[in-house]
Student: 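Sharing a structure with you now.
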Amino acid sequence: MSSCLKIIHPHYFLKSEVDRILLAVKNDPKLYIFCKFLWRTGVRVSEALDVTPKDIDYMKGVVVVKTCKRRKDRNHNREIPLQQDLIDDLKKFIKSRAISINQPIFPFTGRTAFNYVKKACSQADYTDDRSHPSSFRHSYALHCLMNGLAINDVNELLGNRDIKKTMIYLKIIQEKKSFNNIVW
């Protein structure tokens, strides 16, 4: 009896699909900034929910994220670069909501975060099983690798302790390339 090992790939969006999601929720500032933050930082939902205005270093253009999964490495923080348009959107959102320096920018639960992402995806007509916050994390990792960022750098940005977790994204890229090379 032969056994067939099925490799399960993480769910992800292409950049054009993320753009469609963001466009669909452009008029809902809370949904828009949350989805854009997940997409542009690749953070885990729990990490995003911990971010406060004091964690954003506007001069350096980074957000300092407390890595949740590294329990043994207490106080392990990582700096994730922010593009200027995200910085501008975050400043505007924080100011409009009068969020104080130590308050979470996204003051809701993980369940609410899941529902927000599901709603955003639904508004863009994506109702498949990618409608999950982690899909933005996976999309971020793939996007970084497809644009030439080294695997070690992506691993550090994601806050993964074991690079094997990050290597799955390379396999996805290799498979996509082989599919794209098929001539019809």
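One-based numbering along the sequence shown.
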Student: Distance check, rounded to the nearest 0.5 Å: Met146 atom CE versus Ile172 atom CD1?
Tutor: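 Met146 atom CE to Ile172 atom CD1 measures 9.5 Å (nearest 0.5 Å).
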
Student: Between Arg130 and Ser135, does any side-chain donor sit less than 3.5 Å from a side-chain acceptor?
Tutor: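 There is no such pair (donor and acceptor under 3.5 Å, judged by atom type) between the side chains of Arg130 and Ser135.
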
Student: Using only atom types and a distance under 3.5 Å, with no angle test, would you say the side chain of Asn160 pairs donor to acceptor with the backbone of Asn155?
Tutor: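 Looks like no, no N/O pair under 3.5 Å.
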
Student: With a cut-off of under 6.0 Å to the ring centre and 45° to the axis, is Arg20 in cation-pi contact with Tyr126?
Tutor: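 Yes, Arg20 and Tyr126 form such a contact.
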
Student: Report yes if the side chains of Thr41 and Val63 come closer than 4.5 Å at any heavy-atom pair, otherwise no.
Tutor: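 Yes - at least one pair of side-chain heavy atoms lies under 4.5 Å apart.
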
Student: Begin from the C-alpha positions of Leu49 and Phe34 and carry the test side-chain contact (heavy atoms from CB on, under 4.5 Å) through to its verdict.
Tutor: CA-CA 10 Å; Leu49 299 180; Phe34 184 63; 4.2 Å; yes

Student: Taking side-chain hydrogen bond (donor to acceptor under 3.5 Å, both in side chains) as the test, write out the residues that go with Ser122, two or more places apart.
Tutor: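 Here no residue qualifies.
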
Student: Would a distance-only check, ignoring hydrogens and angles, find a side-chain to backbone donor-acceptor pair under 3.5 Å from Ser96 to Lys92?
Tutor: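 Yes: the side chain of Ser96 pairs with the backbone of Lys92.
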
Student: Taking atom types as modelled and ignoring hydrogens, do the side chains of Thr52 and Asp55 form a donor-acceptor contact shorter than 3.5 angstrom?
Tutor: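 Side-chain D/A pair, Thr52 to Asp55: present.
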
Student: Hydrogens and angles aside, do Asn152 and Glu156 bring a side-chain donor and acceptor to less than 3.5 Å of each other?
Tutor: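 Checked: Asn152/Glu156 side chains show no N/O donor-acceptor pair below 3.5 Å.
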
Student: Establish, for the pair Lys91 and Tyr58, whether the NZ or CZ atom is under 6.0 angstrom from the six-membered ring centre and no further than 45 degrees off its axis.
Tutor: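 Here Lys91 passes the 6.0 Å and 45° test against Tyr58.
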
Student: Determine whether Phe114 and Val45 satisfy the following criterion, side-chain contact (heavy atoms from CB on, under 4.5 Å), listing intermediate values before the conclusion.
Tutor: CA-CA 9 Å; Phe114 174 82; Val45 173; over 6 Å; no

Student: Is a side-chain N or O of Arg137 found less than 3.5 angstrom from the main chain of Leu158, in a donor-acceptor match?
Tutor: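 Yes.
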
Student: Quick one: CG on Asp50 to CD1 on Ile105, what's the gap to the nearest 0.5 Å?
Tutor: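 If we round to the nearest 0.5 Å, Asp50:CG and Ile105:CD1 are 11.0 Å apart.
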
Student: Run the salt-bridge test on Glu47 and Lys66 with the 4.0 Å N-O cut-off and return the result as yes or no.
Tutor: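 Looking at Glu47 and Lys66, the cut-off is not met.
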
Student: Can you tell if the side chain of Ile151 reaches within under 4.5 Å of the side chain of Tyr169, non-hydrogen atoms only?
Tutor: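 In short, these two side chains do not touch, never coming nearer than 4.5 Å.
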
Student: Before giving the answer on side-chain contact (heavy atoms from CB on, under 4.5 Å), spell out for Leu157 and Tyr140 the whole-Å C-alpha distance, their side-chain angles and the decisive distance to 0.1 Å.
Tutor: CA-CA 10 Å; Leu157 287 171; Tyr140 171 83; 3.3 Å; yes

Student: Say you draw a straight line from CD1 of Ile21 to SG of Cys121; how long is it, rounded to the nearest 0.5 Å?
Tutor: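 The CD1 atom of Ile21 sits 4.0 Å away from the SG atom of Cys121.
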
Student: What class does the angle between the rings of Phe37 and Phe106 fall in, given that below 30° is parallel, 30 to 60° is tilted and above 60° is perpendicular?
Tutor: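 Tilted, since the angle between the ring planes falls between 30° and 60°.
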
Student: Salt bridge (charged side-chain N to carboxylate O under 4.0 Å, His left out), that's the test. Do Asp19 and Lys15 meet it? Break it down for me.
Tutor: CA-CA 6 Å; Asp19 290 343; Lys15 182 188 179 307; 2.8 Å; yes

Student: Roughly how far, to the nearest 0.5 Å, is CG of Asn115 from OG1 of Thr109?
Tutor: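 If I round to the nearest 0.5 Å, the distance is 8.0 Å.
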
Student: Pick one: which of Phe13, Tyr12, Trp39 meets ring pair (Phe, Tyr, Trp, His ring centres under 6.0 Å) with His143?
Tutor: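 Of Phe13, Tyr12, Trp39, ring pair (Phe, Tyr, Trp, His ring centres under 6.0 Å) with His143 is met by Trp39 alone.
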
Student: For side-chain contact (heavy atoms from CB on, under 4.5 Å), just list the numbers for Thr112 and Tyr116, CA-CA rounded to whole Å, side-chain angles, deciding distance to a tenth of an Å, and then say yes or no.
Tutor: CA-CA 6 Å; Thr112 301; Tyr116 282 164; 3.6 Å; yes

Student: Donor-acceptor pair, distance only, cut-off 3.5 Å: does the side chain of Arg78 make one with the backbone of Val65?
Tutor: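 No; zero donor-acceptor contacts below 3.5 Å.
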
